[in-house]
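See structure below.
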Amino acid sequence: MPLALLALAVGAFGIGTTEFVMMGLLPDVADDLHVSIPTAGHLVSAYALGVVIGAPLLAAVTARMSRRTVLIGLMVLFVVGNALSAFAPDHHWLLAARFLSGLPHGAFFGVGAVVATTMVAPERRARSVSLMFLGLTVANIAGVPVATLMGQHLGWRATFLGVSAIGVAAIASLALLIPHDHTHAPASGLRGELAALRSLPVWLALGTTVAGFGALFAAYSYITPILTDSAGYAETSVTLLLALFGVGATIGNLLGGRLADHAMRRTLFGGLASLVAVLALFPVLMSAQWSAALGVALLGTAAFVTGSPLQLMVMEKASAAPSLASSANQAAFNLANAGGAWIGGLALAAGFGTTSPATAGAALAVLGIAVAGTAYGVDRRSTGVGRERVVASGIPAETEPVRH
């Protein structure tokens, strides 16, 4: 694997840290800015909104630019957004800064995934994507806990200055390690990229992401009350357990990348089926502390096995617009975050019990399997080919990309 993937992983580490650290800093931010915790919670939503809007928008407007230049520019925007967060004078300015920080998130992962796959042999493309995402999963193990501790001891503004420093390191890494010859802009430009998205297989792939990761966030959004109320853990132990989730996610991410290079579709179905099983067993797993810890790790593993195959499937189905489609998949991931949390909350509000969000998540994972199955059926009818292979263009796929 080329060293250039390290530069992408550093950027992913910074992005993952700033995305999730706000959850741990909400009480400190609310107290310092004299707002309620629910009001401070809008800072999480502002970041997610920035991701959803920025992912397709920035990928589209930069369609003709060198992808290397785009990646560096996105990280510059990331540094600016986090630096502005550190110096925000009040809640409204911080809200705007968090939105700005979220804008480059999806486009960076989207364009980065395309660049990563161009630097390796076709049979290693899924692994190259998983190594880029390794920065995101490691952020949950090390970046978020360290940044949270920094915020609690030095003030929350120091956290965002620290994240800005990570962004500067990522810019330097991208400039030094990303080669120019693997980052040419597509000849089709913006119009060609937008046209390539007018395809049912693309939207079915995006729908699989929304349902599959919505299943994860239906449970993960309420993991703290699940662990304290059902498994009997003290709140002080939750941070360590969330790091355990990050360990599971890292294992699942690397495993999914390796397996998807051999059988992308089977890896996707296997990951979704594993997610159904883990979420369905959550009420049992949460009955004891040792099994609850195991369940948290298994949840991360099962969910992130699907990360690389989902990213590659979207890129395959929109082979003429890989950057835009890959970025749109990141927007779908954040829609899954919001939608999964909402559905899990409905289950709790209905009085179905503390672990009911996991049960709702299992239902969403079943829906993800159904959408993925529909996509597979559409592929078979469109091409008449059902076996997995690597196409001549170098995009790992079960079938030739469908062009409309």
Output for pair (Leu299 CG, Tyr220 OH), nearest 0.5 Å, gives 8.5 Å
More than 12 heavy atoms of other residues, nucleotides or ligands under 6.0 Å from CZ of Arg258: is that the case? no
From CZ (Phe282) to OG1 (Thr359), nearest 0.5 Å: 10.0 Å
Between the side chain of Thr306 and the main-chain N/O of Ala302, is any donor-acceptor distance below 3.5 Å? no
So does Tyr47 get a backbone contact from the side chain of Arg98, meaning a donor-acceptor N/O pair under 3.5 Å? no
Taking the ring centre of each residue, are Phe217 and Phe333 less than 6.0 Å apart? yes
Test item: Thr355 side-chain N/O and Pro283 main-chain N/O as donor-acceptor pair under 3.5 Å: no
For the pair Leu136 and Glu19, evaluate side-chain contact (heavy atoms from CB on, under 4.5 Å) and give the outcome as yes or no after the intermediate values. CA-CA 10 Å; Leu136 179 65; Glu19 178 182 19; 4.3 Å; yes
Please answer whether the main-chain N or O of Gly232 pairs with a side-chain N or O of Gln289 as donor and acceptor at a distance below 3.5 Å. yes
Asn253 (side chain) donor-acceptor with Phe304 (main chain) under 3.5 angstrom: no
So, applying side chain to side chain contact (heavy atoms under 4.5 Å, CB included) with Arg68, which one of Ile72, Val70, Leu71 is it? Ile72
Should Leu242 and Val144 count as side-chain neighbours, where that means a heavy-atom distance under 4.5 Å? no
Side chains of Leu272 and Val305 in contact at under 4.5 Å (non-hydrogen atoms): no
Before giving the answer on side-chain contact (heavy atoms from CB on, under 4.5 Å), spell out for Tyr233 and Leu241 the whole-Å C-alpha distance, their side-chain angles and the decisive distance to 0.1 Å. CA-CA 10 Å; Tyr233 276 103; Leu241 290 166; 3.7 Å; yes
Non-hydrogen side-chain atoms of Phe160 and Met22 separated by less than 4.5 Å: yes
Any idea which heavy atoms bring Val168 and Val79 closest together, and the distance? N-CG2, 3.7 Å
Taking C-beta and beyond as the side chain, do His91 and Leu43 meet within less than 4.5 Å on heavy atoms? yes
How close do Ala83 and Ser164 get, heavy atom to heavy atom, and via which atoms? N-OG, 3.2 Å
Determine whether Trp156 and Asp32 make a side-chain contact, defined as any pair of heavy atoms from C-beta on separated by less than 4.5 Å. yes
Residues Thr18 and Asn82: side-chain donor-acceptor under 3.5 angstrom: yes
Check whether any side-chain N or O of Ser101 sits under 3.5 Å from a backbone N or O of Gly81 as a donor-acceptor pair, and report yes or no. yes
Can you confirm if the aromatic rings of Phe78 and Phe108 lie within a centre distance of less than 6.0 Å? no
Looking only at atom types and distance, does a side-chain atom of Thr17 sit under 3.5 Å from a main-chain N or O of Ala139, one as donor and one as acceptor? no
For the residue pair Phe133 and Phe109, is the inter-centroid distance of their aromatic rings smaller than 6.0 Å? yes
Are any of the side-chain heavy atoms of Arg127 and Leu131 separated by less than 4.5 Å? no
Flag the pair Val314 / Leu310 as yes when at least one side-chain heavy-atom distance between them is below 4.5 Å, and no otherwise. no
Report yes or no: does Asn334 contribute a side-chain atom to a donor-acceptor pair with the main-chain N or O of Leu49 at less than 3.5 Å? no
Would you say Arg265 and Asp379 make side-chain contact, with heavy atoms under 4.5 Å? yes
Under 3.5 Å: donor-acceptor pair, side chain of Ser308, backbone of Gly256: no
